[in-house]
Visitor: 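The structure follows.
Heavy atoms only: backbone and side chains are in, while hydrogens, waters and symmetry mates are out.
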Amino acid sequence: MPPATRRELSDRCPGAVQVHAAADGGLARVRLPGGRITGPQLAVLRTAAAELGDPALELTSRGNVQVRALPPGAESELAARLTDAGLLPSATHERVRNIVASPLSPAVRPLVAEFDALLCAQPALAALPGRFLATIDDGRGDVTPLLGDVGLHDAQLLLAGVPTEARGRPELLVRAAEAFLAERAAQHSNAWRLAELVDGPRSVAARLGTRIAAFAPNRSDPPAPGVHGPSAVLAVPLGLLTAAQSAALAALEEIIVTPWRTVVVPAAAMADAVESGLVADPTSPWAGVTACAGRPGCAKSLADVRADARAAVAAGTAEPAHWVGCERRCGAPKGRHVEMVATPTGYERGVVA
């Protein structure tokens, strides 16, 4: 039985109302359940970023969007605009609406909307940590490897990625989130993630009246850039959606932001999106190159990692890798990947299993 993880600091995960004070100003994180955003909503976000902070929108490893460089007090104006656009349905629950879903599956989107509504309707669930994650996988196994605290894999309940015998719909995820909070209180823990509890998956499963199952959910790689039936997956270089790229997408009915810093759009819209600088070629040197904020946005960073990654791509020396400015490795992808970690003497290449 593993020991519980003790958290010495309070949960300071940023939101759209509770912003993080970064080196370049306030950082606001806008949750997009299932990564879904409409074109008109993206237009509102694009305008807000341009008028209130940095015009480039940051895509996160959970399919959310961040606005950087907000001056003091700008978060109130941002929150008002997001509320009017339907991007901030609950000020009390906005930091806990962390829901990742299979991006190429229209069938999961009603499940995401159902869970999001149930989540926001339960006052007690506003106490969930800002890092608590729910995954809804249609069975193909693309988001299950993200190891959400609670998840559905083709209706099978997963707890910290561990399968259980329970099956159900989004209401089961709500019950599992409530069970996490109850078990955390019983253990006198301040854990941010279910896996940090003592015997977390088994103890939470017991509260739900179910057991761990001998079931190995299938797993698949993230969808690569290119055409996938009626949809196209487009890589966003370094996860920074420029104002021009946002404008090219704002005419669309729906955009899906993925946890892999790509966007899903209708295949018919791919040409215009590529013209704006998005990448549809899976062999592009930009495919698989990601980075944390680095300097000057992060005071802890030892390098301007984005500039260095761009230089490596331009020189033809880049490989699919995550570039980070310090040992914290912010924004690192799940699973095996190459990393380039800045040190006082340069970058160290490593492979994360």
Visitor: Determine yes or no for a side-chain-to-main-chain donor-acceptor pair under 3.5 angstrom, with H322 supplying the side chain and G288 the backbone.
Guide: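 No.
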Visitor: Are a donor atom and an acceptor atom from the side chains of D137 and T135 found within less than 3.5 Å of each other?
Guide: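 Absent: no donor and acceptor within the cut-off.
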Visitor: Test of understanding: with salt bridge (Lys or Arg N to Asp or Glu O under 4.0 Å), list the residues that count as partners of D138, not counting sequence neighbours.
Guide: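 Partners of D138 by the salt bridge (Lys or Arg N to Asp or Glu O under 4.0 Å) criterion, ordered by chain and then number, come out as R140.
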Visitor: Report yes or no: do H93 and D116 form a side-chain donor-acceptor pair below 3.5 Å?
Guide: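 Distance-only check fails for H93 and D116.
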Visitor: Please work out which of the three classes, parallel, tilted or perpendicular, describes the rings of Y347 and W323, given edges at 30° and 60°.
Guide: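 Ring orientation, 0 to 90° scale: perpendicular.
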Visitor: Could you check whether R131 and N98, counting side-chain N and O atoms only, form a donor-acceptor pair closer than 3.5 Å?
Guide: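 Judged by distance alone, the side chains do not pair up.
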Visitor: Would you say the side-chain atoms of D149 pair up with the backbone N or O of L133, donor to acceptor, closer than 3.5 Å?
Guide: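 Between the backbone of L133 and the side chain of D149 there is a qualifying donor-acceptor contact (under 3.5 Å).
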Visitor: Name all residues meeting the side chain to side chain donor-acceptor pair (under 3.5 Å) criterion together with S246; count only those two or more places apart in sequence or in a different chain, and write none if there are none.
Guide: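 Expected list: none.
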Visitor: Whether E196 and R184 form a salt bridge (side-chain N of Lys/Arg under 4.0 Å from carboxylate O of Asp/Glu) is what I want to check.
Guide: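 No, R184 and E196 are not salt-bridged.
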Visitor: Between R81 and E51, does any side-chain N to carboxylate O distance fall below 4.0 Å?
Guide: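 Salt bridge: yes.
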Visitor: State whether the side chain of E77 and the backbone N or O of L52 hold a donor-acceptor pair below 3.5 Å, judged by distance alone.
Guide: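 It does not hold such a pair.
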Visitor: Is it true that R349 and E319 make a salt bridge, defined as a side-chain N closer than 4.0 Å to a carboxylate O?
Guide: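 Answer for the salt bridge query: yes.
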Visitor: Side chains of S102 and D142 only: does a donor on one sit below 3.5 Å from an acceptor on the other?
Guide: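 A pair is found: one side chain offers a donor N or O, the other an acceptor, under 3.5 Å apart.
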Visitor: For atom CZ of R167, decide whether the heavy atoms of other residues, nucleotides or ligands shown that lie under 6.0 angstrom number more than 12.
Guide: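 Atom CZ in R167 is crowded, with more than 12 foreign heavy atoms closer than 6.0 Å.
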Visitor: Taking atom CZ of F132 and atom CZ of R95, what is their separation to the nearest 0.5 Å?
Guide: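 Rounded to the nearest 0.5 Å, the CZ-CZ separation comes to 13.5 Å.
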Visitor: Of the non-hydrogen atoms in G294 and V305, which two are nearest, and what is the gap between them?
Guide: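 For G294 and V305, the tightest heavy-atom pair comes out as CA-CG2, 3.7 Å.
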Visitor: Among V265, L104, T258, find the one that has a side chain to side chain contact (heavy atoms under 4.5 Å, CB included) with V233.
Guide: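 The single option meeting the side chain to side chain contact (heavy atoms under 4.5 Å, CB included) with V233 is L104.
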